[in-house]
Amino acid sequence: GTLDDGLEVAIKRAEISSCSSYHHAGGTKRSQEDKDYAFLHELEFLSRLNHRNLVRLLGYSEDCNERVLVYEYLDNGTLFDHIHKLENSPLMSWAARIKVALDAARGIQYLHEYAVPPIIHRDIKSSNILLDATWTAKVSDFGLSLMGPPDDVSYLSMSAAGTVGYMDPEYYRLQQLTTKSDVYSFGVVLLELLSGCKAIHKNKNDEPRNVVDFVVPYIVQDEIHRVLDQ
């Protein structure tokens, strides 16, 4: 979309819009009004984040039937497309992939260490890492993000959410969310950059395989050259 001042923006619309779609951590019983207030409060906070490696959330619209997020628009699309879809891309080079990885890592570090309170993204993946006109990588899509636990608590207790192939198995199994869950997901992105394989892809027998199961054994054996993206 285009704003009145000519600024191009990316508009993200919720697939299923419902006042009850936002679940706040902690499991306490609060009125729907309180839940909606918490949703809006967190969005207001996220819209104030400002880091060169985070896609800026410019604003939002919310009512009982519709929730819309408005982000800055990034010209060069997603990291996923550059690795897996485009035949020719500046990200064919190893140096360019290293730069993207560092950019994304700095964005995630800002969320975990410098935002107050800290923020757990919960959906780090290559399709949520976008590239601007100068090929700077930015972490996007804070739709699932949550404020981190209080200082006296080590994790948030909540049902697992995220994307298959990128989700931290410990978070899925124990339903205990920490910043480490984002780090695991970012590790999967690094394996994508190394191997050129999707997080979930088909093996030679046409069976689904996780890039972690495929690549990590070669890393352990010091034979990563066998699985590097050509």
Side-chain angles (χ1 to χ4, degrees), residues 1-28 30-81 103-104 106-133 136-150 156 158-163 166-167 177 179 181-182 185-186:
T2 306
L3 301 185
D4 290 342
D5 61 3
L7 180 68
E8 273 194 294
V9 295
I11 301 171
K12 187 153 192 173
R13 183 183 186 189
E15 286 184 14
I16 301 174
S17 295
S18 166
C19 279
S20 62
S21 64
Y22 180 78
H23 301 284
H24 200 272
T28 57
R30 300 186 303 169
S31 71
Q32 191 56 57
E33 187 176 312
D34 286 344
K35 289 182 180 179
D36 285 348
Y37 174 80
F39 173 82
L40 296 175
H41 175 75
E42 293 197 6
L43 277 181
E44 286 177 359
F45 174 81
L46 293 172
S47 67
R48 294 191 193 106
L49 292 178
N50 190 13
H51 188 273
R52 72 185 302 266
N53 299 121
L54 296 178
V55 174
R56 186 78 186 271
L57 175 64
L58 300 175
Y60 55 89
S61 173
E62 190 268 352
D63 62 34
C64 278
N65 299 313
E66 187 80 271
R67 278 178 176 167
V68 170
L69 303 177
V70 181
Y71 293 93
E72 64 174 317
Y73 178 75
L74 271 64
D75 302 73
N76 281 313
T78 72
L79 175 60
F80 180 92
D81 285 350
D103 283 348
R106 291 184 182 108
I108 296 167
Q109 180 187 32
Y110 175 83
L111 292 176
H112 290 177
E113 296 184 10
Y114 298 106
V116 180
I119 293 171
I120 304 172
H121 187 285
R122 283 212 298 171
D123 202 20
I124 299 293
K125 56 184 176 180
S126 56
S127 57
N128 277 342
I129 297 172
L130 305 186
L131 299 148
D132 70 8
T136 296
K138 302 189 179 192
V139 177
S140 76
D141 195 354
F142 304 102
L144 286 176
S145 300
L146 287 173
M147 305 305 168
L156 292 172
M158 60 188 314
S159 298
T163 299
Y166 295 90
M167 196 185 300
L177 178 66
T179 54
S181 299
D182 281 351
S185 301
F186 179 63

From His121 atom NE2 to Ser181 atom OG, the distance as rounded to the nearest 0.5 Å
13.0 Å

Between Asp75 (side chain only) and Asp132 (backbone N and O only), is there a donor and an acceptor less than 3.5 Å apart?
no

Are any side-chain N or O atoms of Ser185 and backbone N or O atoms of Tyr166, one a donor and one an acceptor, separated by less than 3.5 Å?
yes

With a 6.0 Å cut-off (strictly less than), is the heavy-atom count around CG of Asp5, excluding the residue itself, greater than 12?
yes

Side-chain heavy atoms of His51 within contact of Arg106, under 4.5 Å
yes

Using a 3.5 Å distance criterion without hydrogens, assess whether the side chain of Arg56 forms a donor-acceptor pair with backbone atoms of Leu49.
yes

Taking all atoms of both residues into account, what is the closest heavy-atom pair of Val139 and Ala104, and its distance?
CG2-O, 3.8 Å

For Pro118 and His112, the nearest pair of non-hydrogen atoms, with its separation, is CB-O, 3.3 Å

Quick one: pull up CZ in Phe186 and CD in Gln109 and give me the separation to the nearest 0.5 Å.
10.5 Å

Closest non-hydrogen atom pair between Ile119 and Asp182, with its separation
O-OD2, 4.4 Å

Between the side chain of Ser140 and the main-chain N/O of Asn128, is any donor-acceptor distance below 3.5 Å?
yes

How far does OG1 of Thr2 sit from OH of Tyr73, to the nearest 0.5 angstrom?
10.5 Å

Between Asp141 and Tyr71, is any pair of side-chain heavy atoms under 4.5 Å apart?
yes

When rounded to the nearest 0.5 Å, the distance separating CZ of Arg122 from CG of Leu111 is 13.5 Å

Closest approach of Ser127 and Thr78, non-hydrogen atoms and distance?
O-CG2, 3.6 Å

Could you check whether any side-chain N or O of Asn53 sits under 3.5 Å from a backbone N or O of Lys138, counting only pairs where one atom can act as donor and the other as acceptor?
no

Kindly compute the distance separating CG (Leu74) from CD1 (Ile129), expressed to the nearest 0.5 Å.
12.0 Å

Identify the two heavy atoms, one from Leu57 and one from Leu69, that lie closest to each other, and give their separation to 0.1 Å.
CD1-CB, 4.0 Å

Using a 3.5 Å distance criterion without hydrogens, assess whether the side chain of Asp103 forms a donor-acceptor pair with backbone atoms of Thr136.
no

